[in-house]
Amino acid sequence: MALGFIKKVFTFGREKPAVEQAPAEDSAKVETPAADVSPASEFAEPASPPSVPSGHLPHEGGDRLGDAAPVKQEQLAEEIAEAAVSHDVETSVSKLATDNVVTEPEQAESAEADVAAQEVTSEPIPPLVGEMSDRTEGGDEGAAETDLASKDIDTAPILPKGFATAASIPEPTPEAPKQKLSWFQRLRAGLARTSSQLTGQIAALFTKRKLDDQTLQDLEDLLIQADLGVETAMRVTDTLASERYGKDVTSEDVGRIMAQEIAKVLKPVAKPLQLDLSHKPHVILVVGVNGTGKTTTIGKLAAKLSGAGLKVMVAAGDTFRAAAIEQLKIWADRTKSEFIGTKLGADAAGLAFDAFQQAKANKSDVLIIDTAGRLQNKAELMAELEKIVRVLGKLDPDAPHTVLQTLDATTGQNALNQVEIFRNVAGVNGLIMTKLDGTARGGILVAISAKHKLPVYFIGVGEGVDDLEPFEAEDFANAIAGTGAGSSQ
Ligand SMILES: Nc1nc2c(ncn2[C@@H]2O[C@H](COP(=O)(O)OP(=O)(O)OP(=O)(O)O)[C@@H](O)[C@H]2O)c(=O)[nH]1
């Protein structure tokens, strides 16, 4: 797999604005030496996240998600104050419990305290040095040498497959066949229901029949029932008609054209997750409906990044489910990442606020924030997500830099609606499809890609820490169509 390292730039050219900080009643004051937040070097404008349309969002049921009109400064400052008030942060670094989190009630008076007024005095949390997990000892086979602008070459981490950084130079690297076959077999196994159902029906449709309008219509119906979406179904039938209309056609012909057309839809969205390591932390916010694999996927991402030598902090923003906080702590320990959490029921935006501050003070490379699972039609829960994004944006205009949505491959059609709402509310700019090793209905990813054109960075192919693979368009297309290199595996 050629590792495309696409240059991504953010605007850091201007002086960093004094961040309006809202130390509220019991806001946590993190005692770490003042982080050196000198303005980073000049970068071009970032790609702006999808605009958030105001007005009622087109989705069945659920409440109006509210107007996305810009929030006034005072309202925002109140939100930050309220967010900081309603929780006390327990900051713990796996293997290093710190008790240096204190609150400064008097800071609560003004919602706009200057960040410089926040004296930070305790020692920064030393980087955690842990043995690499055996899988990432030498880094992924396919990892390319990267030349990071912010680090000299001999200390630049070798990013694992599926990640890129602003200054890295694309280097095609040969795919490690044994790794591809194993996860590819799991992918095929996961998509077996989709592909066997589809290829079985196609075979039945095209026994000794010339290609005519009726068979084209029947094929189109089959492809739509497999969740591929109307657009892709029509592309397949149009291409097939242009090649074989009025002639004999075999199911192999159909499979080949199906894989080809699906790959055309998926190739533009199969991209590495771009990290901008020229400033710290790169914030990844993980969102999605309940049980889609957010916390597990964060653990897998943390393993890849910390295994590559990056300093990772994970934040337990799912303050709704008790087990989620503990689950993420276990992932942090397992992946030698730093952990920040708070008490059950605390304000998630406040946790995100403190996590950012802590990650900055600790000079973490990447901060990955978990969130509570929520259905897209629960307006108050979606409003909470908006607040988390707003609070992070006040601390860094480009944060959260990556908003990942996890999609459960067994969901089917509803995933389209999930992406629509989460994208409008939280500015989702990347997808991860999980549970493709189960009885997946992976076809929906084709429909989502055709409609939303959002990058698909990884796929989950199991519950293990290594079961996260960079998304490969050709492999996925062949797995659905039951064709291609892996088809004989
Ligand atoms: N088979 C399989 N199971 C997965 C995968 N990813 C996650 N899971 C499982 O899915 C279940 C839910 O995963 P979580 O990470 O807790 O999901 P979540 O989105 O954080 O859940 P909530 O916090 O309830 O929203 C767990 O049992 C995971 O082990 C995957 O790729 N394959």
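First listed ligand is number 1; within each ligand, the first listed atom is number 1.
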Nitrogen or oxygen atoms of [X] and ligand 1 under 3.5 Å apart:
X      : value
Thr406 : no
Lys435 : yes
Asp370 : no
Gly293 : yes
Thr292 : yes
Thr296 : yes

* Asked: So Glu231 and Lys451, salt bridge (Lys or Arg N to Asp or Glu O under 4.0 Å) or not? Walk me through it.
  -> CA-CA 9 Å; Glu231 183 183 331; Lys451 179 173 182 186; over 6 Å; no
List ligand 1 atoms under 4.0 Å from [X], heavy atoms only on the residue side.
X      : answer
Asp437 : 1 (N), 2 (C), 30 (C), 31 (O), 32 (N)
Gly373 : 25 (O)
Gly460 : 31 (O)

* Check whether any side-chain heavy atom of Leu385 lies under 4.5 Å from a side-chain heavy atom of Phe422, and answer yes or no. =>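 Yes, their side chains come closer than 4.5 Å.
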* State, yes or no, whether a side-chain contact exists between Val428 and Leu404 at a heavy-atom distance under 4.5 Å. =>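 They are not in side-chain contact.
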* Of Gly291, Gly288, Ala323, which has the heavy atom at the shortest distance from atom 12 (C) of ligand 1? ->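 Checking each option, the heavy atom nearest atom 12 (C) of ligand 1 is found in Gly291.
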* Asked: So between Gly464, Ala324, Gly462, Gly299, whose heavy atom ends up nearest atom 5 (C) of ligand 1?
  ->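 Looking at heavy atoms only, the winner is Gly462.
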* Can we call the ring centroids of Phe476 and Phe471 under 6.0 Å apart? ->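 Aromatic pair counts; centres sit under 6.0 Å.
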* Closest non-hydrogen protein atom to atom 27 (O) of ligand 1, residue and atom name please, with distance? ->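 Nearest protein contact, heavy atoms only, for atom 27 (O) of ligand 1 is Glu463 OE1, 3.2 Å.
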* **Shortest protein heavy-atom distance from atom 18 (P) of ligand 1, along with the residue and atom involved** =>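 It is Lys294 N, 3.5 Å.
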* Is the backbone of Gly229 close enough, under 3.5 Å, to the side chain of Thr232 for a donor and an acceptor to pair up by distance? ->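 No; judged by distance alone, with no hydrogens or angles, the pair does not exist.
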